[in-house]
Amino acid sequence: MDVLLSEEQIQTRVRELAKQISEDFSGKPLMAVCVLKGAYAFFSDLVRALSIPAQIEFVRVASYQGTQSGAFTVLHDIPVSLEGFHVLLIDDILDSGKTMKKLLKHMGAKNPLSLSLCTLLEKPGQLEAPVTLEYCGFQIPNEFVVGYGLDCDQQHRTLPYIARYQAD
Ligand code: 5GP
Ligand code: MG
């Protein structure tokens, strides 16, 4: 695999993001929401690096089949109210933003005090839907990547680094 971001690079950036998020949400009731499955590794490392208390929840949406963009469906929703919480939605990557725009609308309808977005990766220039990204780990070129949660047809999610996808 052709490594794009090493485990060390990722872990250093995760600690920086956690520090910034901990400062921004200090004294506020924080609900960190993981977008399954892709964000599982990033989410788990990020929330454990926070220095402030937070509750956690999980949503699962379907967006991609292989490397093609597909329809948006909520497969697992949050079973609790978000009223009274500042919500930080944590996902793996912001690409076209089509999935995220729909998910943000879905979460916003649950009436959180605020709603912010954090992704590990962003592909600049690919946005087709207007989405504000408050916290971003890395900007990457417009290439298909796998590892650290990201898959290609459910493979490679367990890699501790991010690699350019190569069919073999
Ligand atoms: P969007 O709606 O922003 O185009 O799609 C975002 C979702 O597509 C991400 O949450 C992720 O599941 C998937 N995705 C987009 N780009 C990549 C990529 O380079 N690699 C992988 N594995 N998934 C991607
Ligand atoms: Mg995803």
Side-chain angles (χ1 to χ4, degrees), residues 1-14 17-18 21 31-49 54 56-78 82 87-110 112 115-168:
M1 284 277 184
D2 182 12
V3 177
L4 184 66
L5 296 166
S6 70
E7 183 173 4
E8 192 184 352
Q9 281 177 293
I10 293 170
Q11 294 303 329
T12 299
R13 185 69 184 123
V14 164
L17 284 171
I21 290 165
M31 177 75 80
V33 177
C34 174
V35 185
L36 295 171
K37 299 181 195 177
Y40 90 90
F42 176 47
F43 177 85
S44 164
D45 287 342
L46 186 67
V47 295
R48 287 180 298 158
I56 60 167
E57 283 292 344
F58 300 84
V59 285
R60 185 165 172 201
V61 300
S63 58
Y64 259 67
Q65 293 290 334
T67 58
Q68 295 302 305
S69 195
F72 171 86
T73 322
V74 179
L75 302 175
H76 170 79
D77 205 353
I78 291 172
L82 293 178
V87 171
L88 180 63
L89 197 58
I90 299 171
D91 204 353
D92 50 5
I93 183 165
L94 187 62
D95 184 11
S96 74
K98 286 190 214 165
T99 315
M100 190 42 69
K101 186 168 182 275
K102 290 173 193 159
L103 183 56
L104 284 169
K105 192 178 171 197
H106 180 79
M107 303 298 291
K110 296 177 186 293
L115 181 57
S116 310
L117 178 62
C118 173
T119 66
L120 176 68
L121 307 174
E122 181 193 15
K123 291 180 181 170
Q126 296 307 307
L127 268 189
E128 293 173 29
V131 169
T132 305
L133 184 57
E134 280 83 7
Y135 305 95
C136 174
F138 302 92
Q139 295 191 328
I140 62 164
N142 186 24
E143 296 177 82
F144 198 79
V145 295
V146 296
Y148 197 63
L150 291 107
D151 75 311
C152 186
D153 288 335
Q154 302 306 325
Q155 301 295 319
H156 312 301
R157 291 194 195 275
T158 58
L159 295 174
Y161 53 84
I162 302 268
R164 293 184 182 89
Y165 177 69
Q166 289 154 336
D168 46 22

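In listed order, ligands and their atoms are each counted from 1. Residues: numbered from 1 along the sequence shown.
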Participant: For ligand 1, which part of D92 has a heavy atom less than 4.0 Å away: the side chain, the backbone, both, or neither?
Facilitator: side chain

Participant: I need the atoms of ligand 1 closer than 4.0 Å to a non-hydrogen atom of D91, numbered in the order shown.
Facilitator: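 Per the distance check, 10 (O).
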
Participant: Provide the number and element of each atom of ligand 1 under 4.0 Å from a heavy atom of V145.
Facilitator: 18 (C), 19 (O), 20 (N), 21 (C), 22 (N)

Participant: What about G97: any of its N or O atoms under 3.5 Å from an N or O on ligand 1?
Facilitator: yes

Participant: Say whether, by atom type as modelled, one donor and one acceptor occur between the side chain of E134 and the main chain of L117 under 3.5 angstrom.
Facilitator: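 Yes; judged by distance alone, with no hydrogens or angles, the pair exists.
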
Participant: Can you check whether G149's main-chain N or O pairs, donor with acceptor, with K37's side chain at less than 3.5 Å?
Facilitator: no

Participant: Any donor and acceptor pair, going by atom type alone, linking the side chain of R48 with main-chain N or O of S44 inside 3.5 Å?
Facilitator: yes

Participant: With heavy-atom distances below 4.0 Å as the criterion, list the atoms of ligand 1 near T99.
Facilitator: 1 (P), 2 (O), 5 (O)

Participant: Which word best sums up how the rings of F144 and Y165 line up, parallel for under 30°, tilted for 30 to 60°, or perpendicular for over 60°?
Facilitator: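 Rings of F144 and Y165: perpendicular, as their planes differ by over 60°.
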
Participant: Is ligand 1 less than 4.0 angstrom away from at least one heavy atom of E143?
Facilitator: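 Contact present.
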
Participant: In terms of heavy-atom contacts, does NZ of K110 have more than 12 from other residues, nucleotides or ligands at under 6.0 Å?
Facilitator: yes

Participant: Taking the side chain as every heavy atom from C-beta outward, state whether V87 and E57 have any pair of such atoms under 4.5 Å apart.
Facilitator: no

Participant: Closer than 3.5 angstrom, by distance alone: can the side chain of T119 be matched with the main-chain N or O of L121 as a donor-acceptor pair?
Facilitator: yes

Participant: Which of the atoms in ligand 1, numbered in the order shown and given with their element, are less than 4.0 Å from a heavy-atom of D151?
Facilitator: 21 (C), 22 (N)

Participant: Any atoms of ligand 1 less than 4.0 Å from a non-hydrogen atom of S96? List them with their elements.
Facilitator: 1 (P), 2 (O), 3 (O), 4 (O)

Participant: Check whether any heavy atom of K101 sits under 4.0 Å from an atom of ligand 1.
Facilitator: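 Outside the 4.0 Å threshold, so no.
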
